[in-house]
Protein chains: 2
Amino acid sequence: MENNNYREIFIKNNIKTTKQREIVFDILMNSNVPLSAKEIFIKLVKKGNNMSLSTIYRILDVFVSKGLVVKSNISKNNKAVYEVKGMEHKHHLVCDCCGKILVLDNCPLEGYERSLEEKTMFDITSHKLEFFGICPECKIKIEGNV
Amino acid sequence: MENNNYREIFIKNNIKTTKQREIVFDILMNSNVPLSAKEIFIKLVKKGNNMSLSTIYRILDVFVSKGLVVKSNISKNNKAVYEVKGMEHKHHLVCDCCGKILVLDNCPLEGYERSLEEKTMFDITSHKLEFFGICPECKIKIEGNV
DNA sequence: TTCTATGCAAAAATTTTGCAATCGT
DNA sequence: ACGATTGCAAAATTTTTGCATAGAA
């Protein structure tokens with residue numbers, strides 16, 4: 001899992017291949033939940049790597065500007081979180097109570113987006129959709145305390 | 001437009017009515033786009049009021065915890081933005097290029113949410129949906145430069 | 001009066017920036 | 001070799017917190 005062909009992706013996007021970019025991209029590729037800059041930092045340190053936090057921010061900015069990564073904000077502490085922009089795009093269901101994130105596979109908005117383009121004259125490039133609720137485990141906890 | 005019955009709303013939610021809370025709530029009620037803490041601050045100063053920024057943060061936290069206000073993040077600079085949680089809920093279409101925000105009136109997710117509850121066993125409490133794209137004005141600008 | 005909310009100033013946390021050194025092509 | 005990228009440290013922003021004072025019920 002450590003080797004990779006991210007080089008090809010980087011070349012295709014006109015950015016230089018550096019060890020740091022490979023590390024960050026690899027972490028994002030292997031995470032199924034969006035990560036903040038600091039979380040990425042912690043993960044790479046745990047793997048035995050090291051990197052300046054400002055480098056991580058700069059790398060993420062580059063990835064976002066190239067459309068490789070999506071920046072959003074679903075964390076409770078308003079930190080920006082990042083995830084690779086897969087072809088099949090994913091949405092999330094976040095527990096209000098414990099913060100757990102469930103990844104959803106399908107998107108209910110295909111048709112709607114098109115009608116919105118017609119109505120607004122925007123060229124729609126993307127959307128963010130997140131659901132919030134109480135997960136089954138927390139429901140039990142809450143009921144237990146009643 | 002300055003007078004209001006926010007007192008009733010506050011009483012109903014078990015929070016004390018203070019001048020500061022009325023000012024902040026009024027600004028949120030009269031804005032059709034989500035505002036950051038600092039934007040709220042600037043607006044109230046322009047109206048001749050004054051308030052500590054930390055008070056604004058604390059007031060917003062209270063409003064969010066009572067479900068009166070929704071905190072999200074669609075600004076480019078990852079600042080948290082806040083808007084009143086209306087009965088009719090609104091989504092937004094944000095221009096990638098100039099940051100302009102268009103308010104959308106209807107929500108395409110009514111039915112989907114219910115099926116998601118069944119599938120995941122979550123009690124879904126809310127969702128956030130934002131669209132991004134290029135607005136007509138920016139399209140012209142961009143084409144002009146080609 | 002009692003408890004909560006506010007202001008202020010200081011701290012914490014996140015993100016950005018300048019500059020010299022290093023690395024990729 | 002050249003230009004882009006990184007690290008470091010410092011700055012800029014955003015958000016949180018402690019404590020004394022003021023305000024609501």
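Within every chain, numbering begins at 1; the chains are lettered A, B, ... in the order of the sequence lines, protein sequences first and strands thereafter. The figures that follow rest on heavy atoms only: side chains count, while hydrogens, waters and symmetry mates do not.
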**OP:** From the options D/dT15, C/dG24, D/dG7, select the nucleotide whose nearest atom is closest to the side chain of B/Leu53.
**Re:**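 Output: D/dT15.
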**OP:** Ignoring the backbone of B/Ala80, work out which of C/dT25, D/dT15, C/dT15 is nearest its side chain.
**Re:**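 Shortest atom-to-atom distance from the side chain points to D/dT15.
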Original post:
When we call it a touch if two heavy atoms are under 4.0 Å apart, what does B/Ile15 touch: a base, just sugar-phosphate, or nothing?
Top reply: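 The answer is nothing, as B/Ile15 stays clear of every strand by at least 4.0 Å.
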Original post:
Going by distance alone, is a donor N or O of one side chain under 3.5 Å from an acceptor N or O of the other, for A/His91 and B/His127?
Top reply: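 Distance-only check fails for A/His91 and B/His127.
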Rounded distance in Å - [atom1] ([X]) to [atom2] ([N]):
{"X": "B/Leu35", "N": "D/dT15", "atom1": "CG", "atom2": "P", "value": "13 Å"}
{"X": "B/Met51", "N": "D/dT15", "atom1": "CE", "atom2": "C1'", "value": "17 Å"}
{"X": "A/Glu8", "N": "C/dT25", "atom1": "CD", "atom2": "P", "value": "13 Å"}
{"X": "A/Glu22", "N": "D/dT5", "atom1": "CD", "atom2": "P", "value": "14 Å"}
{"X": "A/Ile40", "N": "D/dT6", "atom1": "CD1", "atom2": "P", "value": "14 Å"}
{"X": "A/Phe41", "N": "D/dT6", "atom1": "CZ", "atom2": "P", "value": "15 Å"}

Subject >> OG-OH distance between B/Ser31 and B/Tyr82, expressed to the nearest 0.5 angstrom >> reply: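 Atom-to-atom, B/Ser31:OG and B/Tyr82:OH are 14.5 Å apart.
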N/O (side chain, [X]) to phosphate O (OP1/OP2, [N]) under 4.0 Å:
{"X": "A/Tyr57", "N": "C/dT16", "value": "no"}
{"X": "B/Thr17", "N": "D/dA25", "value": "yes"}
{"X": "B/Lys79", "N": "D/dT14", "value": "yes"}
{"X": "B/Lys38", "N": "D/dT14", "value": "yes"}
{"X": "B/Thr55", "N": "C/dG7", "value": "yes"}
{"X": "A/Gln20", "N": "D/dG7", "value": "yes"}

Subject >> Most 5' of B/Arg21 and B/Ser54 on DNA chain C, judged by nearest nucleotide >> reply: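 Looking at DNA chain C, the more 5' nearest nucleotide goes with B/Arg21.
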Subject >> Earlier contact from the 5' end, DNA chain D, for A/Ile56 and B/Lys19 >> reply: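 Nearest-nucleotide comparison on DNA chain D picks A/Ile56.
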Original post:
Between A/Pro108 and B/Leu109, is any pair of side-chain heavy atoms under 4.5 Å apart?
Top reply: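 Contact flag for A/Pro108/B/Leu109 side chains = yes.
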Original post:
Is there a donor and acceptor pair, one atom on the side chain of B/Arg58 and one on the base of C/dG7, closer than 3.5 Å?
Top reply: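 When only heavy-atom distances are counted, B/Arg58 does reach the base of C/dG7 through a donor-acceptor pair under 3.5 Å.
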**OP:** Enumerate the residue pairs fulfilling ring pair (Phe, Tyr, Trp, His ring centres under 6.0 Å) with a member in residues 14-44 of chain A, sequence neighbours excluded, ordered by first and then second residue.
**Re:**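 Every ring pair (Phe, Tyr, Trp, His ring centres under 6.0 Å) pair that includes a residue of residues 14-44 of chain A, provided the two are not neighbours, is A/Tyr6-A/Phe25, A/Phe10-A/Phe25, A/Phe25-A/Phe63.
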**OP:** Mind checking side chain to side chain contact (heavy atoms under 4.5 Å, CB included) for B/Thr18 and listing every partner two or more places apart, or none if nothing turns up?
**Re:**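 Expected list: B/Gln20, B/Arg21.
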